[in-house]
Amino acid sequence: MIARVLAILSMLAALGVQAQNYQGLWWKSPGGSEAGWGLNIAHQGDVLFVTWHTYEADGHALWLTMSDARPSSAGVYAGTLYQTKGLATNTGYWDDPPWAVTKPVGSGILAFTS
């Protein structure tokens with residue numbers, strides 16, 4: 001299976017077609033230059049699922065998700081940002097409102113460049 005995938009990618013590269021996949025863990029380079037935040041990206045088809053971990057101004061952890069980022073132009077993805085707050089998942093109350101609240105907090109845009 002892996003050999004077949006590699007063969008297909010080689011053929012596409014020979015034809016000048018590049019399959020872009022942005023999946024991975026992203027942070028500012030060089031490492032340590034902006035400690036305290038990062039992006040986790042899962043990429044399937046033309047959809048990105050993104051989690052962004054950072055800190056609020058008061059030092060509390062902040063997790064945002066963009067669960068349905070779609071391409072708006074070449075290398076640019078946009079979607080709604082959501083924030084979820086609640087108790088730790090091991091409390092047994094994660095699925096029980098009002099302990100867990102997810103709300104839209106804005107729009108997100110990711111632009112990938114070389």
TODO: Please name all residues satisfying side-chain contact (heavy atoms from CB on, under 4.5 Å) with S67, sequence neighbours left out, ordered by chain then number.
DONE: F49, Y82
- [ ] Please identify each residue that fulfils side-chain hydrogen bond (donor to acceptor under 3.5 Å, both in side chains) with W26, with sequence neighbours left out.
- [x] none
Open item on the list: What verdict does the side chain to side chain contact (heavy atoms under 4.5 Å, CB included) test give for M66 and L48, after you've listed the backbone C-alpha separation in whole Å, the side-chain angles of each residue and the deciding distance to 0.1 Å?
Closed with: CA-CA 8 Å; M66 190 166 37; L48 300 183; over 6 Å; no
Pairs of donor and acceptor atoms involving the side chains of residues 101-110, under 3.5 Å and at least two apart or interchain, shall be tabulated with distances.
| from | atom 1 | to | atom 2 | distance (Å) |
| --- | --- | --- | --- | --- |
| T102 | OG1 | T84 | OG1 | 2.8 |

Task: Rounded distance (nearest 0.5 Å) linking atom CH2 of W52 with atom CH2 of W37 - done: 8.0 Å
Task: Under the ring pair (Phe, Tyr, Trp, His ring centres under 6.0 Å) test, residues paired with H43 that sit two or more places apart - done: Y22, Y77
TODO: Identify, with sequence neighbours excluded, every residue that meets side-chain hydrogen bond (donor to acceptor under 3.5 Å, both in side chains) alongside T80.
DONE: none
Open item on the list: Quick test of your reading: applying salt bridge (charged side-chain N to carboxylate O under 4.0 Å, His left out), list the pairs with at least one residue in residues 42-58, sequence neighbours left out, ordered by first then second residue.
Closed with: D46-R70
Task: Cluster check L81, V47: I/L/V/M/F/W/Y, side chain < 4.5 angstrom - done: no
Open item on the list: Just to verify, what does W63 make a side-chain contact (heavy atoms from CB on, under 4.5 Å) with, not counting sequence neighbours?
Closed with: N40, T51, H53
